[in-house]
Amino acid sequence: SKPYALRVRTLKMSGKQTSDPIAMLIQKLPPGSRIKCSFGVFLVKTPDVSFADLFGIHTETNGLSNDLLFGITRDGGTLRDDIQLSDGGCACPRGDLKPSNLPTGRWVQVDLDYTFTGATLRYDGQEVMSGVLANTIPTDPITVYLGVAGYAEDQTSEYLFDDFVCTVTP
C-alpha cells in the first residue's frame with residue numbers, strides 16, 4: 001500500500017452533536033500569476049457530508065481575501081471561489097464549479113492548474129472540469145492547504161493524503 005503523509009479521521013458523534021474536523025498541511029508560497037498543485041488522496045469510503053474541503057489556495061489582494069476551495073459534498077465535487085470583502089461581508093461562493101466526486105477505495109492523483117482567472121482539475125490525468133473564475137492575480141504571498149476542513153454529520157470518515165507538490169509561475 002502507498003505510504004501517506006497525512007491521515008485524517010473524523011469520529012462518529014452521538015445524538016445531534018456534530019464535529020467540524022480541521023487537519024491541514026499549510027505551505028506559504030511567493031505570489032505569482034499561476035499555481036499548479038498535485039496530490040494523492042484516498043477516501044476510505046464515501047463520506048456523508050454537507051461539505052468537506054480537501055484543498056485550498058488562499059490569497060489576498062487590495063484588502064480582499066480570496067479562497068479557491070476543492071472539496072467533496074454528498075452530491076459531487078466542488079471547486080468554489082469564496083471572497084471575504086474588506087467590510088466583513090462574504091461573496092461565498094462567488095463561483096462554484098461542479099466536478100465529479102472523487103472515487104473511493106483507491107488512491108487518486110488530483111492535479112489543479114489555477115491561473116486566478118480559470119481552473120482545470122484532473123483526476124488520474126483525466127480532465128474532470130475546466131472553468132472560468134473571476135479573480136485577480138495576487139500581490140501577496142499564496143497560502144496552500146491540504147487536509148480536511150468541513151462539516152461531518154454523525155459519521156466516521158477517513159482520508160489519506162500524499163505527494164503534495166505546488167509550483168508557482170511568477
Side-chain angles (χ1 to χ4, degrees), residues 1-29 34-59 66-82 92-115 118-133 135 142-168:
S1 69
K2 188 173 184 175
Y4 46 87
L6 177 65
R7 176 184 181 198
V8 179
R9 219 172 148 220
T10 62
L11 302 176
K12 185 172 184 172
M13 307 290 281
S14 62
K16 295 186 178 192
Q17 295 174 316
T18 60
S19 65
D20 292 323
I22 298 177
M24 297 260 173
L25 297 173
I26 300 170
Q27 179 66 48
K28 297 259 188 198
L29 301 170
R34 173 185 222 148
I35 183 169
K36 292 183 178 183
C37 293
S38 65
F39 57 90
V41 63
F42 188 108
L43 302 180
V44 175
K45 66 177 185 172
T46 303
D48 181 25
V49 294
S50 296
F51 74 91
D53 294 328
L54 305 180
F55 174 76
I57 299 172
H58 176 80
T59 61
N66 175 54
D67 290 290
L68 180 74
L69 301 166
F70 165 69
I72 55 176
T73 71
R74 66 174 61 83
D75 300 321
T78 181
L79 186 65
R80 70 182 193 281
D81 185 22
D82 288 357
C92 302
R94 184 168 66 168
D96 192 0
L97 305 174
K98 301 288 188 187
S100 59
N101 227 343
L102 285 166
T104 59
R106 68 177 180 87
W107 283 100
V108 178
Q109 181 66 34
V110 176
D111 299 297
L112 177 67
D113 184 356
Y114 183 40
T115 63
T120 301
L121 182 68
R122 291 180 175 80
Y123 299 159
D124 293 328
Q126 298 294 314
E127 186 175 305
V128 293
M129 188 248 28
S130 186
V132 174
L133 298 163
N135 284 325
I142 299 166
T143 305
V144 292
Y145 303 86
L146 178 69
V148 177
Y151 181 77
E153 287 139 354
D154 200 27
Q155 67 149 8
T156 300
S157 299
E158 188 171 0
Y159 311 80
L160 309 176
F161 299 92
D162 201 8
D163 300 327
F164 181 36
V165 177
C166 290
T167 57
V168 175

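- Going from atom CZ of Phe55 over to atom CZ of Phe161 covers 11.0 Å, rounded to the nearest 0.5 Å.
- To the nearest 0.5 Å, atom CD of residue Gln27 and atom CG of residue Leu146 are 11.5 Å apart.
- Ser100 is linked by a side chain to side chain contact (heavy atoms under 4.5 Å, CB included) to Tyr123, Val128, counting only residues two or more places apart in sequence or in another chain.
- Distance check: Tyr114 OH to Ile142 CD1 gives 9.0 Å after rounding to the nearest 0.5 Å.
- Looking at residues two or more places apart in sequence or on another chain, you find a side chain to side chain contact (heavy atoms under 4.5 Å, CB included) between Tyr145 and Met24, Ile26, His58, Thr143.
- The closest side-chain heavy-atom distance from Phe70 to Val41 is not below 4.5 Å.
- A distance of 4.5 Å separates CG of Leu69 from CG of Asp53, quoted to the nearest 0.5 Å.
- A salt bridge does not link Asp111 with Lys36: every distance from a Lys NZ or Arg NE/NH1/NH2 to an Asp or Glu carboxylate oxygen is 4.0 Å or more.
- Going from atom CE of Met129 over to atom OG1 of Thr120 covers 6.5 Å, rounded to the nearest 0.5 Å.
- To the nearest 0.5 angstrom, Leu112 atom CG is 8.0 Å from Ile35 atom CD1.
- A donor-acceptor distance shorter than 3.5 angstrom exists from the side chain of Asp124 to the backbone of Gln109, with no hydrogens or angles considered.
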Quiz item: Hey, mind stepping through Leu43 and Asn101 against side chain to side chain contact (heavy atoms under 4.5 Å, CB included) and telling me if it holds?
Solution: CA-CA 11 Å; Leu43 302 180; Asn101 227 343; 5.7 Å; no
